[in-house]
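Report on the structure given below.
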There are 2 protein chains.
Amino acid sequence: MSKLDKRDEVVKAALELIAEHGFHGAPMAMIANRAGVGAGTIYRYFENKEVLIAELYRDLEERLFPVILEKYDQEKPIREKFMHLGTALLRYFIENPLDFRYLEQFHNSPFGVEHRRDKILGEKEGCDIFRDLFEDGISQQVLKELPLVILFALAFGPILAVARDHILGFVTLDEGLIIATIEACWDGIRR
Amino acid sequence: MSKLDKRDEVVKAALELIAEHGFHGAPMAMIANRAGVGAGTIYRYFENKEVLIAELYRDLEERLFPVILEKYDQEKPIREKFMHLGTALLRYFIENPLDFRYLEQFHNSPFGVEHRRDKILGEKEGCDIFRDLFEDGISQQVLKELPLVILFALAFGPILAVARDHILGFVTLDEGLIIATIEACWDGIRR
DNA sequence: ACATACGGAATGAACGTTCATTCCTTTTAT
DNA sequence: ATAAAAGGAATGAACGTTCATTCCGTATGT
């Protein structure tokens, strides 16, 4: 197995185990075992567990963003752009349950809260597609005049909840339900 | 300190520490310490940590339900009933951040998932006020014709997200914003 | 009224386990 | 032959839980 293969196996094993059992349910020894690698070997690629966890999250974002931005057309009306992003996001979660579960574990951990704090307070980034969309929507009077954070909650709260319910088997989402759900989210934020 | 006082101190300390640091960030020794009690004393009142955690959750529900059902009028129209429950719930979370944070920790733990699985699969309980309301709303064609689980997600997803953001200091909710948020949730579920 | 005996509540040091990390030996590649 | 990579046993810190002991309020006997 080559050097990069090993790193990859560690990443894959860690993602699977942490997604399924949480950070505390995925000991390094177990990750090493599933990766087919010695425990010490992990530390040749990641300084420690915390670094591994953060790296996993970065990888995840880098996989997610291109997918939901595929065929995203800045020129379309706001409603259409929201529908595109919302359905793409929900579809991604359903098709990649490991990624979704990892995302949840991360968000509900101290790392995740810190990460979000940085993101919300450092408002200068022009790279946040959702912020741009919502700010546009407010100034064009298409969206409710509410603080951005609340619009985010109205849009993403249900998406995350529905994705979780689907993955846990509490509901089965088909394409029709996905669209209906995102339309309902739109009803929540639109003026 | 009397017998009941000690039990109470343990419950209070455990709620605080777990709400703030999560289950794994609140060792029994730390709980005992904050409660002003010996480590072994906890085990006179709770068989083990798991039982303590479950008991804390039951206590929480028993505090929460009476509050949101206060002045709840079954005869009012569905929209009004939803607004009452939604605003009461959000207000409770804001006024009792420890309870909210504990609820989140619980829900994001294996206990919470199991608890929810039991609740969703055992559909027979007539005591679930929200289920009744939503079923009424669907049959009266006031609400969107979506699976109950999705309506729950649309209604509670944003409420939980907004409460979290308020408690973490990402937004400051006043009475006006509370009402506006719940109205937006209503827009999401109403037909 | 006082001293003594009793029993359950409380204690916290100690135990066994689990975990992240390190360290040293062995393997592999050049 | 040498250096880098990999392996996994060893390490020590942290945890939940246990248990022999202490403490204290009450009952008993004088």
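Order of the sequence lines sets the chain letters (A, B, ...), proteins ahead of strands, with each chain counted from 1.
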Given atom [atom1] of [X] and atom [atom2] of [N], what is their separation to the nearest angstrom?
X: B:F46; N: C:dA10; atom1: CZ; atom2: P; result: 12 Å
X: A:M30; N: D:dG8; atom1: CE; atom2: P; result: 17 Å
X: A:L17; N: C:dC19; atom1: CG; atom2: C1'; result: 15 Å
X: B:H21; N: D:dC15; atom1: NE2; atom2: P; result: 12 Å
X: B:M28; N: D:dC19; atom1: CE; atom2: C1'; result: 16 Å
X: B:I42; N: D:dC19; atom1: CD1; atom2: C1'; result: 16 Å
X: B:E9; N: C:dA9; atom1: CD; atom2: P; result: 19 Å
X: A:Y43; N: D:dA9; atom1: OH; atom2: C1'; result: 15 Å

### Message
Under 4.0 Å, heavy atom to any atom of DNA chain D: which of residues 47-60 of chain B qualify?
### Response
B:N48, B:K49

### Query
Mind checking whether B:E104 and B:F100 have side chains closer than 4.5 Å, heavy atoms only?
yes

With the threshold set at 4.0 Å, does a side-chain nitrogen-carboxylate oxygen contact exist between [X] and [Y]?
X: B:D165; Y: A:R116; answer: yes
X: A:E145; Y: A:R191; answer: yes
X: B:E61; Y: B:K119; answer: yes

Looking at the side chain of [X], which of [options] is the nearest nucleotide?
X: B:V37; options: D:dG7, D:dA6, C:dT11; value: C:dT11
X: A:T41; options: D:dG7, C:dA9, C:dT21; value: D:dG7
X: B:R44; options: C:dT11, C:dA20, D:dA9; value: C:dT11
X: B:K6; options: C:dT21, C:dT11, D:dG7; value: C:dT11
X: B:P27; options: D:dC15, D:dA9, D:dT18; value: D:dC15

### Under 3.5 Å: donor-acceptor pair, side chain of B:K81, backbone of B:Q74
yes

### A:V37 backbone acceptor or donor facing A:T41 side chain under 3.5 Å
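No, because the side chain of A:T41 does not come within donor-acceptor range (under 3.5 Å) of the backbone of A:V37.
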
### Query
So, B:Y92 versus B:D99: side-chain donor-acceptor pair below 3.5 Å or not?
yes

### Query
Is any side-chain nitrogen or oxygen of B:Y45 closer than 4.0 Å to OP1 or OP2 of C:dA10?
yes

### Query
Of A:G25 and A:G40, whose closest DNA chain C nucleotide lies nearer the 5' terminus?
A:G25

